[in-house]
Every structure is written in C-alpha cells, then in structure tokens.
Amino acid sequence: MKVIKTVNIFLAIAILILSVNLMKPLSITGSSVADLSDAECYFVNSGVSNDIPIDGCCYEVQKQLECKKTSKDYRCYTSESSERYYVVNANALNYCKVGGYDVKII
Amino acid sequence: MSKLSEDMSKDVKLMIVLVVVVIILIFFNFDSYGVSGEAANTDNIQYEESTNTLYLDSLTLKQKIAQMVITYHKETNKERLQDLFIGGIHMGAKTSKEEFMNSIDNFQDGSIIPMFISVDLEGCANPFENFQEFPALNEINTKEEAFKVGYDEGKLLKEMGFSINFAPVVDLDDKIWKCRSFEGSPEEISEKAKYYIDGLQENGIVATSKHYPGKTLMLWDPHKYVVHAPISRNDLMPFEKSIEGEVSAIMVSHIIADGYANSENKPSVVSEKLIGELRNKFTGLIITDEIRMLGLSDYYSDVDQMYIDLFKAENDVILNFDINLDNLEHMISVVEKAVIEGEIKEERIDDSVERILNAKGVNVIR
C-alpha cells in the first residue's frame, strides 16, 4: 500500500511537470502580459531625444551591440562612441526580455 | 482488514486516474512541440548541386514552412536551425567586419541551401558603425547620391556574405526616429528610393521597400499599439515606383489601413485583401514586419490564430525574432497542422517557397 502511495506521489509530480511544460510555448504571449507601465524608450540622435514606441524599441534594442547601465537607465548602442543610441529604463528592458527579445546587458 | 482493503482500492483507483492523466499530458506535450516521430534532419531533401536544382516535393511540409521564416539567433543554435531548414538569419550589430563574416560563414557551413542573411542597414542606427559609416536616408539629397549609397552598402553587404537588406524605408515621413526615411516630395522620395534600390541590387543584394502601405513611421499613440492609418495615393507612390524599378522585396507593416489600400480593419500583414492586391502587381518577395510587435500581437487574443493568419495571407517570408526556439517550432507546428486540416492551402506554401528559393538563386522543380 505504501508503494502505491509513493507511485501516486510520483505520478502527481509528473502531472505537474508535464502541465508546466505544456504551457511553455505560450510564453510568446509573455510580452503582452508584462508590465508596460512606466516603460520608457528614447532614440537619441546627436543630442536630440525622440520617444520610441515600446514594441519598435524592443526590436531595435535587440539589434544593438549591447546595453550599458548608466546611473539612471540603460544606454543601448551599436558602437560605444556612436552619437545615435537608445536610452531605455529598467521597465522597458524587462518588458523586452520577457517578450523574448535578445537584450545584451553589460 | 476491510478498511485496509478499501483504502488500497481507493489508492489503486487514484493511481489509474493519475496514469491516464500522465499519458494524456505526454500526448499533448509531444503534439504541442510538433514531435511527430519525423526525424529532424535534412537527409530527405533532394538537391542537385551540379545544376543547383531542388525538388520541392522532397521537402516535408514542416521544412517548407521553416524555409519561409527568418529568425534572430545565436550560432549556438545553428544545428537545430539547419535541421529545421530555417530560411534565414537576421543579424544585429557586431564589433568588427571579421566577426560578422565568421558568424555568417558559420551559419552557412553545413546548410544544404544557403540561408538568407539579412540586416537593417538604413544608415541611421547603423549595425556596421564599428567599422563603416553610411549616411542616414534623410541625409541623402540627390538620386545620384542615393545610388552611390545603395551601391556602396550593397558592395560591402555582398563582400560580407549578406543577401538581404531590409531597406529602404519609403514611408513619406519619419515622425518617430526622424532619420529613417528620405526627405522631399512623394516624387523625390520615390526617385531616391528607386536609385538606392538599383545600387543595392546591382551588387546582388535583395532590397526591401518598407513598410507597405506607408505611414508606419508617421503615426503612433503611446496608449494604443494597434494603429489605424488613412492611406493616400501619395503613400503608395514610392511602392509603385519600386515595383516598376523591379525591387526584389516589399515589407508589409502592422498598421490597419484604409483609403487607397484597405486592410479591412485588420493589421495589413494579416489582410488577405491587402496582400492579395499587392501580389497582383508584384512578383517579388512579400515579407512581414517582425511579428511580435504589439501592433500585430495586441490585435490577437490567440497567438496560434495569428500564426495561421500570417501564412494564410500569402506573405512569403515571416520575420519571427523570438529567441526561444520552442516558440519558433511551435509556430511551425501550428501552421503545419493548419495546412494538414485544409485551412491553409499547401499550394500557396509551395508558391512562397519557390519564390524564396529562386531569390536564393536555386532552381526549383515542382
């Protein structure tokens, strides 16, 4: 009887793992449930800053060489010396990561 | 004793129920990942190297669908991507020309058919900035200059091993980045775009006029991601001129269009009407904008339906830059199922794959 109880516990664990695994492909929708409040993204072009929509921002940030932490936000660039770069806050960066965008933070 | 026997009987019944649930879950897990027992390799593909000819019927349905996808992945996933027969890889910024070339060589090494290697080289936010500067499109003043920039970019792209540039932007204005589109009247923008495209394509690079049907960089509301835009004749002019000039590809945006292009209250990229009308006048590649952008994904409550609609709308190339390969494989499985169930015609998948392979310089026998 103890054996059956143990087997049942293992089966319950297996059900839990398989259920979680089954939900994994739905993680693509993670971006839509991630917190978008206070997500900020700017494109800076020779000192002039332009507000960028968050989804376009994630797409662009993914293509940057890297994102470097500054005192307040993150600066994402193709070249560290470039006059054109993105400034994103932690919420925006988190949103992009949850959405499956490859964000390279240094 | 009877109590013990009753407890044991309950436990056995519970065990049977649990075993059945486990079996059902195992089945659904396999089904959701599209594991159909089919070997994930490309041994089945009949390709004659001497004549550069591929027999389309030798591809599995899953391989055909995968060939329609350009994705964004690291080289560590190369083998899995090659086994899927993925159509192409998009690249972001790197530190040097050599790093790009090594990465491209690595992705192509072992591929039966070369992958598309794409980039967004628009001048503004240049991925090659560490070793090569180019002007942004708004800095190009004449058609001659547009040709030279296109030519120089095309020459470098070809040398490095790229095959597609997702440029030029031919929206009539860029009110967001303020550097990604040409400046001038619709006629001047159309002309500069045509010359820029000629420069790229003279080097064998696929140029991409984007973002059809226009106004994509002109409107945005920070509180709304699904954007509606009225499309005028002028918005379409640069695309029509690009088509006349034989541009190889057009990228379709997620805006909901009405007016001279009408997407029937859906994002353009899933509108069979809008893309069908474009297809009637354009024989090149129709490419989606990246499909996880909120302008598209916020329109859908069911991501699987979004995948089906994207393929049903007769886009040739789907940009899915999700770094989670399971999600990518899930998309392919969902579309495969929709084809098997008759929701998407296999013939239309074949048409797209043939256009893609032809753009890669491969002859196709159907």
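The structure presented is a predicted model; accordingly, all values stated were derived computationally and were not measured. Residue numbers begin at 1 in each chain, while the letters A, B, ... track the order of the sequences.
For B/E290, the salt bridge (Lys or Arg N to Asp or Glu O under 4.0 Å) partners are B/R292, not counting sequence neighbours. Remark: A/Y42 engages no residue in a side chain to side chain donor-acceptor pair (under 3.5 Å) (not counting sequence neighbours). Taking the side chain to side chain donor-acceptor pair (under 3.5 Å) definition, one finds that B/D173 meets it with B/K175, sequence neighbours left out.
The backbone N or O of A/Q62 lies less than 3.5 Å from a partner atom in the side chain of B/Y72, making a donor-acceptor pair. No donor-acceptor distance shorter than 3.5 angstrom exists from the side chain of A/N8 to the backbone of B/L14, with no hydrogens or angles considered.
Using a 4.5 Å cut-off between heavy atoms, B/H73 makes no contact with chain A at all. Of the two parts of B/V17, neither the backbone nor the side chain holds a non-hydrogen atom closer than 4.5 Å to a non-hydrogen atom of chain A. Looking at A/N45, only its side chain comes within 4.5 Å of chain B, counting heavy atoms on both sides.
Rounded to the nearest 0.5 angstrom, B/K94 NZ and A/L65 CG are separated by 9.0 Å. With rounding to the nearest 0.5 angstrom, the CG atom of B/L294 is 8.0 Å from the SG atom of A/C58.
For the pair A/K63 and B/M91, the minimum side-chain heavy-atom distance is 4.5 Å or more. Considering only heavy atoms from C-beta on, A/N50 stays 4.5 Å or farther from B/W177 through its side chain. Side-chain contact check for B/K74 versus A/D102: some heavy-atom pair is nearer than 4.5 Å.
Residues of residues 66-79 of chain A that come within less than 4.5 angstrom of chain B, heavy atom to heavy atom, are A/T78, A/S79 in numerical order.
Outside the 6.0 Å centre-distance limit, the rings of B/F321 and A/Y101 are not counted as a close aromatic pair.
The greatest number of non-hydrogen atom pairs below 4.5 Å with chain A, out of B/T95, B/V12, B/D120, is found for B/D120. No other option in B/C124, B/G295, B/P127 has as many heavy-atom pairs under 4.5 Å with chain A as B/C124.
Tested against B/L18, the residues A/I9, A/V7, A/I15 include a single side chain to side chain contact (heavy atoms under 4.5 Å, CB included) partner, A/I15.
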